[in-house]
Amino acid sequence: GEIAHNRIWGDPSFNNGGCPCSAVVASGGVRIHHNEIYAADTNGNAEVIEIADYYEPFQIDSNHLVGTLWIDDSVSHSGGQNLIANNVLLGGINGASSNTGPILIANNTIIGNIYLQGDTRARLVNNIITSSLSASSQHLLEVSHNNFGGPSYPAYVGINGNISKPPTFVNPISSDYHLTACDPGIDQGALLPELENDFDGDPRSLDGNGDGQAVPDIGADERVYDAR
């Protein structure tokens with residue numbers, strides 16, 4: 001299935017036990033891409049997307065999401081890699097388990113946290129994560145070339161290309177999370193053959209700092225060098 005090129009708002013009048021229901025609930029090999037999706041409650045009490053009851057890999061890419069991305073921890077999975085990439089996510093990623101199957105979480109700009117439950121196997125590469133990263137089984141994570149903004153990263157920062165420097169965005173107040181020319185994650189990412197384009201569809205990789213080398217940026221945006 002596919003959910004693409006929509007603008008979706010969660011309805012606060014629908015709730016489950018007093019909590020607003022998810023804006024989007026999807027399952028079964030779905031690809032969700034190039035949408036704007038807003039949770040009914042953007043204060044952290046509702047999911048913007050819930051992935052539930054799936055047996056084929058899911059793909060969530062190139063969306064602007066406001067709320068929590070929830071991966072149901074009770075589902076089974078037939079194999080293959082799940083993908084969460086090139087999203088601007090104002091919220092966080094929560095859930096998952098050993099049933100979920102491997103997840104590649106790459107080139108996202110996450111203004112929030114990631115919490116992975118159980119024995120989740122995940123690769124986290126080229127993400128901006130402004131809050132915390134935690135997992136029930138840290139040893140099953142592969143973490144490289146991320147820019148962390150939270151307080152709990154001594155185990156990651158300084159190795160495998162991970163950094164901890166404040167990202168600089170064009171205008172976050174207006175939800176413009178494109179990188180400025182002085183962002184510390186420009187040309188600091190790792191090449192991922194799975195990702196040929198960025199959030200806007202621009203090629204990844206580009207030379208972002210004018211040194212003549214095309215290297216991926218950290219985050220959802222791939223900035224092109226402007227010498228002016």
Side-chain angles (χ1 to χ4, degrees), residues 5 7 32-38 42 48 59-67 69 83-93 104-114 122-133 142-153 156-228:
H5 303 287
R7 183 174 292 170
I32 302 173
H33 64 100
H34 297 95
N35 302 282
E36 291 183 30
I37 309 176
Y38 301 85
T42 58
V48 60
Q59 182 170 332
I60 301 172
D61 68 281
S62 306
N63 301 284
H64 182 94
L65 306 174
V66 180
L69 170 55
L83 179 65
I84 301 172
N86 287 334
N87 300 287
V88 173
L89 174 56
L90 311 185
I93 300 173
L104 174 59
I105 302 173
N107 279 108
N108 299 284
T109 295
I110 301 172
I111 312 302
N113 70 291
I114 296 177
R123 293 174 60 207
L124 292 94
V125 187
N126 297 349
N127 301 287
I128 296 172
I129 305 169
T130 65
S131 187
S132 61
L133 166 64
E142 297 180 28
V143 182
S144 71
H145 298 85
N146 301 282
N147 187 7
F148 292 113
S152 57
Y153 303 110
Y156 300 126
V157 172
I159 60 173
N160 298 326
N162 294 301
I163 61 176
S164 181
K165 299 179 180 180
T168 59
F169 303 116
V170 170
N171 191 347
I173 295 176
S174 299
S175 296
D176 186 346
Y177 288 92
H178 292 92
L179 303 178
T180 70
C182 58
D183 185 85
I186 291 175
D187 283 11
Q188 298 299 310
L191 181 63
L192 295 172
E194 302 96 324
L195 302 181
E196 297 180 351
N197 301 97
D198 76 347
F199 174 87
D200 295 311
D202 296 328
R204 194 185 298 277
S205 307
L206 297 172
D207 177 15
N209 59 9
D211 67 355
Q213 303 295 317
V215 181
D217 298 338
I218 296 175
D221 178 39
E222 183 74 13
R223 183 178 175 85
V224 62
Y225 175 68
D226 186 350
R228 292 176 297 174

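Remember, predicted model here, so these are calculated numbers, not experimental data.
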Next on the checklist: Using every non-hydrogen atom in the two residues, find where Pro216 and Asn126 come nearest and quote the distance to one decimal.
Outcome noted: CB-ND2, 4.3 Å
Could you tell me whether the side chain of [X] and the main chain of [Y] form a donor-acceptor pair under 3.5 Å?
{"X": "Asn162", "Y": "His145", "answer": "yes"}
{"X": "Asn108", "Y": "Asn127", "answer": "no"}
{"X": "Asn35", "Y": "His5", "answer": "yes"}
{"X": "Asn63", "Y": "Ile32", "answer": "yes"}

Item to check | Set of salt bridge (Lys or Arg N to Asp or Glu O under 4.0 Å) partners for Asp61, sequence neighbours left out | outcome: Arg31
Checklist outcome for this item: So the side chain to side chain donor-acceptor pair (under 3.5 Å) pairs with at least one residue in residues 210-224 (sequence neighbours excluded) are Arg204-Glu222
Checklist outcome for this item: salt bridge (charged side-chain N to carboxylate O under 4.0 Å, His left out) pairs touching residues 182-197, sequence neighbours excluded, are Arg123-Glu194
Next on the checklist: Tell me every residue that passes side-chain hydrogen bond (donor to acceptor under 3.5 Å, both in side chains) with Glu36, counting only those two or more places apart in sequence or in another chain.
Outcome noted: Arg7, Tyr38
Checklist entry - Mind checking what makes side-chain hydrogen bond (donor to acceptor under 3.5 Å, both in side chains) contact with Ser144, not counting sequence neighbours? => result none
Which distance, rounded to the nearest 0.5 Å, do you find between the [atom1] of [X] and the [atom2] of [Y]?
{"X": "Asn107", "Y": "Leu124", "atom1": "CG", "atom2": "CG", "value": "11.5 Å"}
{"X": "Ile129", "Y": "Ile93", "atom1": "CD1", "atom2": "CD1", "value": "7.5 Å"}
{"X": "Ile84", "Y": "Leu69", "atom1": "CD1", "atom2": "CG", "value": "5.0 Å"}
{"X": "Thr130", "Y": "Ile111", "atom1": "OG1", "atom2": "CD1", "value": "4.5 Å"}
{"X": "Ile105", "Y": "Ile114", "atom1": "CD1", "atom2": "CD1", "value": "5.0 Å"}

Checklist entry - What pairs of residues pass the ring pair (Phe, Tyr, Trp, His ring centres under 6.0 Å) test when at least one of them lies in residues 158-215, not counting sequence neighbours? => result Phe169-Tyr177
Item to check | Exercise: do Asp198 and Asn86 side chains pair donor with acceptor under 3.5 Å | outcome: no
